[in-house]
Amino acid sequence: MVDGRVGVVLESIIARSPGEPEFHQAVIEVVGTLGPVLAQHPEYLEQRIIERICEPERQVLFRVVWQDDRGGVQVNRGMRVQFNSALGPYKGGLRFHPSVNLGIIKFLGFEQTFKNALTGLGLGGGKGGSDFDPKGRSDAEVMRFCQAFMTELFRHIGPHTDVPAGDIGVGGREIGFLFGQYKRLANAYDSGVLTGKGVGWGGSLGRTEATGFGAVFFLSHLLASRKRTLDGITATVSGSGNVATYAVAKLEELGARVVAVSDSSGTVHDPKGIDLALLRQVKEVERARISEYAERRTGSTFLRGARPWSIPCDVALPCATQNELDEQDAKTLIANGCLAVVEGANMPSTAGAIALLQQARVAFGPAKAANAGGVATSGLEMQQNASRERWTFEQTVGRLAGIMQDIHQTCEATADEYGAPGDLLLGANIAGFRQVADAMLAHGVV
Ligand code: GLU
């Protein structure tokens, strides 16, 4: 609950960032859970830590001009929000999607700050991207866009300054083009300037799988604390990109049956369980729509325009994008007896949905804890780059599993400590906040 003083602070933060509803949502969610910690530590309010933590340290906005395959001139907007460097260099992905605007990148950078704190790897928070839409673009067009984007971005980043990675619309192909242009401009092989690199040139084994695997590791701890396992349970997953694909892979490996995946055009319902090889062929190799999957897989159906949440499940993993699970969806999940919702995407559940799930005692794994495996493994990639080592897949995924266990444990212990047992949202927010806030206090008024 937000008390009077904190309410005034919140209002002023919102008023100075008009027209950024996703950023407001993220700030209200975090600050709304800080009541008990602010009561114990008046110095956070005295030193204006809330206002400072909600204000990005730096925001860079820039024009990106490039030529399409027909010689036409295209204009996009690029941005990088360097949110907080109290714990380490700014760290966070780049999103290329037509919906990208400053409010969305700010909410992502804000979330990233606390998520990165929870990894315990000494990472600050940042996020960037562009309204460029890679869909339907040729490899050559994507390359020219990435080169134009990096031509401005390169002066703001560095292995000890700011380390971007992928997010929606930015995968291995884009990171390759971005790294090539950075290397050309900087005249330096700074491996640690980007993560999510190819394994042959500085990338880490296991980074591609990490966000999806990590979310499922988190889910298995969540279930274990309720004396359940993944074996034999039914799961629905939204999305069909990198996070969703490897969540499906790990869920199936651990004995769950995944009956739905989706993309922005609709949902595939596959009661026999998702055929991972076919999913990867359709989405990764062919970059086609998810309806292609339903056409080739007998027994499955395509629900045009629908999200997966009406399909009965024991656990639901929203792994697509922000605000993709609303109050109505939460009611349906509850009515269908869903045990747990674990967020693979960033802020996929609306505030109303979270409130309903928590009231109904559905176990809830908040994004900044549950999807931290991706950025944690980026941290491991940075470690490998710094030491010029290359770890095996088993070493990296073993470290990831340990980090996810620690994050779950930290969230649980913090929720207990602040009188809200089982509230992992509160636990994640307070644990992440305290780390960043204490470092900021130690650094003085900067
Ligand atoms: N985009 C991912 C996230 O939301 C990964 C960021 C990174 O690896 O830096 O956490």
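Numbering of ligands and ligand atoms starts at 1, following listing order.
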Q) Among all protein non-hydrogen atoms, which one is nearest to atom 9 (O) of ligand 1, and what is the separation to 0.1 Å? A) Lys91 NZ, 2.7 Å
Q) Should the pair Glu152-Arg155 be classified as a salt bridge under the 4.0 Å nitrogen-to-oxygen rule? A) yes
Q: Provide the number and element of each atom of ligand 1 under 4.0 Å from a heavy atom of Asn346.
A: 4 (O)
Q | Ala165 neighbourhood, listing ligand 1 atoms whose heavy-atom distance to it stays under 4.0 Å | A | 7 (C), 8 (O), 9 (O)
Q: Among all protein heavy atoms, pick the one closest to atom 8 (O) of ligand 1 and tell me residue, atom and distance.
A: Ser378 OG, 2.6 Å
Q) Is Arg399 salt-bridged to Glu394, going by a charged N under 4.0 Å from an acidic O? A) no
(Q) Looking at non-hydrogen atoms alone, which of Gly92, Gly166, Gly126 comes nearest to atom 2 (C) of ligand 1? (A) Gly166
Q. Does ligand 1 have a heavy atom under 4.0 Å from the side chain of Thr211, from its backbone, from both, or from neither?
A. neither
Q.
Between Arg52 and Met440, is there a side-chain heavy-atom distance shorter than 4.5 Å?
A. yes
Q | Check: Lys127 N/O within less than 3.5 Å of ligand 1 N/O | A | yes
Q | Salt bridge present between Arg289 and Glu292 (N-O < 4.0 angstrom) | A | no
(Q) Under a plain distance cut-off of 3.5 Å, with no hydrogens placed, do Lys197 and Ser204 share a side-chain donor-acceptor pair? (A) no
Q. Judged by modelled atom types alone, do Asn323 and Gln25 share a side-chain donor-acceptor pair under 3.5 Å?
A. yes
Q. Heavy atoms, side chains only, cut-off 4.5 Å: are Gln181 and Met143 in contact?
A. no
Q) Among all protein non-hydrogen atoms, which one is nearest to atom 6 (C) of ligand 1, and what is the separation to 0.1 Å? A) Gly93 N, 3.6 Å
(Q) Using heavy atoms and a 4.0 Å limit, tell me yes or no: is Arg207 in contact with ligand 1? (A) yes
(Q) If you count heavy atoms of other groups shown closer than 6.0 angstrom to CZ of Arg77, is the number above 12? (A) no
Q. Of the non-hydrogen atoms in Val243 and Gly344, which two are nearest, and what is the gap between them?
A. CG1-O, 3.7 Å
Q) Can you tell me the protein heavy atom closest to atom 3 (C) of ligand 1 and the distance? A) Lys115 NZ, 3.3 Å
(Q) If the cut-off is 4.0 Å to any non-hydrogen atom of Gln112, which atoms of ligand 1 fall inside it? (A) 3 (C), 4 (O), 6 (C), 10 (O)
(Q) So is Arg95 touching ligand 1 or not, going by heavy atoms under 4.0 Å? (A) no
Q | N/O separation below 3.5 Å, Val163 to ligand 1 | A | no
